[in-house]
Number of protein chains: 2
Amino acid sequence: MDEETDGIPQNRPAARDIDATDRKILGVLVDDATISYAELGERVGLSPPAAHERVKRLRRSGAIRNTAAIIDPKAVRKPLLAFVHIDTKGWGKTPELMAISEHPEVEEIHSVAGDTCMLIKVRTEDTRALEGLLSRLYETPGVTSTRSYVVLSTYLERPVQPGITTEWPTPRHMAKPLY
Amino acid sequence: MDEETDGIPQNRPAARDIDATDRKILGVLVDDATISYAELGERVGLSPPAAHERVKRLRRSGAIRNTAAIIDPKAVRKPLLAFVHIDTKGWGKTPELMAISEHPEVEEIHSVAGDTCMLIKVRTEDTRALEGLLSRLYETPGVTSTRSYVVLSTYLERPVQPGITTEWPTPRHMAKPLY
DNA sequence: ATTGATACAGAATTTAATACGGTCATTATT
DNA sequence: AATAATGACCGTATTAAATTCTGTATCAAT
């Protein structure tokens, strides 16, 4: 029940840096966010209220965007995953992006270096639904061509793991490029 | 606190089909899994214990894989996202996949139709870390070539949404392909 | 040294999760 | 067709956790 002065996220006073304890907390909560604060505190070496405080701060600062149920795509009968390239020649960005994100099958939209295209990830029930989506995409203003890659099997899908590259003992300023 | 006879998920007695209420529940929990069962029940038209029962079943059946905190990659200083194609000529699958998933920067591994390659999604702190990962990947047994696409900007990243294609009024057997 | 701010722990309180009957409707079984 | 068995639900009771409150130690800045 974090109360904001209104619904829009404010510019916060420069959220303090994430420390090692915060990373531990994130690591635990990425794995399982249903545990109690007592359990969380025990795992990271804090009292329940202290752990609670940390989590609240991580939420406020935006480090924890959301706490969500991860759904098995098969359970909702959307086992077909595909990546689609969309040609983006002469785009004004926002309106076209909005139009694309209207399609609920679209899970991700990325701009890719090295080509004037977007890479979008879509999930549908079967190939016919993918076909339908592609034709709807093609009718979307700004989309001049699409090229889709169906995924045969997915072997790994995991959330962002905190504290991997950042756990390095060498701070950034010590990693001097040689070139 | 679901107790299993042991840690390994059992073959369950053919988990009953997901109905409209289940999809509503999934839809709510994908959006925010921190709400109380009272709140959840109110939104889907159930008493708190009934909502609780449903959620427990969805967990047991695997429809809800887990409940996780969604982390902002920038907060853990891994703003660089890339997709990497890996040549998979002459693979025995499992050992090579295991070797690749060892790298913690790897978030997804997909097999793609139309080419003998894997598409993997990786996230690192910067280009140097990506370079390091790529060279480590190249040293991984089974990887003979890599081709990476750096993502300039990401405009949308959202979890699997239940009940979109499945909300269709036409059941599957009525959608007869013409070909 | 003194003030102010922050992070924390422990206890108290409020709120939610969970367990427990009991009812109704639906589905199998005899 | 009658009856048992099951499953889904609600209302209530109990247990457990979230949240609030208060005091203390630590650190930074004045």
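In the text below, chain A, chain B and the rest are named by the order of the sequence lines, each starting its count at 1.
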Whole angstrom is fine here: how far is it from [atom1] in [X] over to [atom2] in [N]?
{"X": "A:I35", "N": "D:dA18", "atom1": "CD1", "atom2": "P", "value": "9 Å"}
{"X": "A:R54", "N": "C:dT6", "atom1": "CZ", "atom2": "C1'", "value": "11 Å"}
{"X": "A:D22", "N": "C:dC8", "atom1": "CG", "atom2": "C1'", "value": "14 Å"}
{"X": "A:L40", "N": "D:dA18", "atom1": "CG", "atom2": "C1'", "value": "13 Å"}
{"X": "A:D19", "N": "C:dT6", "atom1": "CG", "atom2": "C1'", "value": "13 Å"}
{"X": "B:E53", "N": "D:dG11", "atom1": "CD", "atom2": "C1'", "value": "15 Å"}
{"X": "A:D17", "N": "C:dT6", "atom1": "CG", "atom2": "P", "value": "15 Å"}
{"X": "B:E39", "N": "D:dA18", "atom1": "CD", "atom2": "P", "value": "17 Å"}

Practice task
Assess whether side chain to side chain contact (heavy atoms under 4.5 Å, CB included) is satisfied between B:L119 and B:H85, documenting all intermediate values.
Solution key: CA-CA 5 Å; B:L119 178 62; B:H85 283 183; 3.1 Å; yes
Practice task
Answer yes if the side chains of B:S101 and A:R158 hold a donor-acceptor pair under 3.5 Å, and no otherwise.
Solution key: no
Exercise for the section: Could you check whether B:P48 gets within reach of a base, just the sugar-phosphate, or nothing at all, counting any heavy atom under 4.0 Å? Expected result: nothing
Exercise for the section: Name the nucleic acid region contacted by B:S36, choosing base, sugar-phosphate or nothing; use a 4.0 angstrom heavy-atom cut-off, strictly under. Expected result: sugar-phosphate
Proximal nucleotide (of [options]) relative to the [X] side chain:
{"X": "B:L46", "options": "D:dC9, D:dT12, C:dA9", "answer": "D:dC9"}
{"X": "B:K56", "options": "C:dT18, C:dA19, D:dC9", "answer": "C:dA19"}
{"X": "B:A50", "options": "C:dT18, D:dC10, C:dA11", "answer": "D:dC10"}

Practice task
Verify the contact: side-chain N or O of B:R57 to OP1 or OP2 of D:dA8, cut-off strictly under 4.0 Å; return yes or no.
Solution key: yes
Problem - Short side-chain N/O contact from A:H52 to OP1 or OP2 of D:dA18, under 4.0 Å - result: no
Handout entry: Reference residue B:R54; test side chain to side chain contact (heavy atoms under 4.5 Å, CB included); the match among B:L26, B:V44, B:D19
Key = B:D19
Problem - From CA spacing to verdict: side chain to side chain contact (heavy atoms under 4.5 Å, CB included), B:T140, B:H103 - result: CA-CA 10 Å; B:T140 304; B:H103 303 289; 3.2 Å; yes
Practice task
Using the side chain to side chain contact (heavy atoms under 4.5 Å, CB included) rule, take B:R23 and B:I18 through it: C-alpha gap first, then chi angles, then the decisive distance, then the call.
Solution key: CA-CA 7 Å; B:R23 280 198 295 275; B:I18 304 259; 3.9 Å; yes
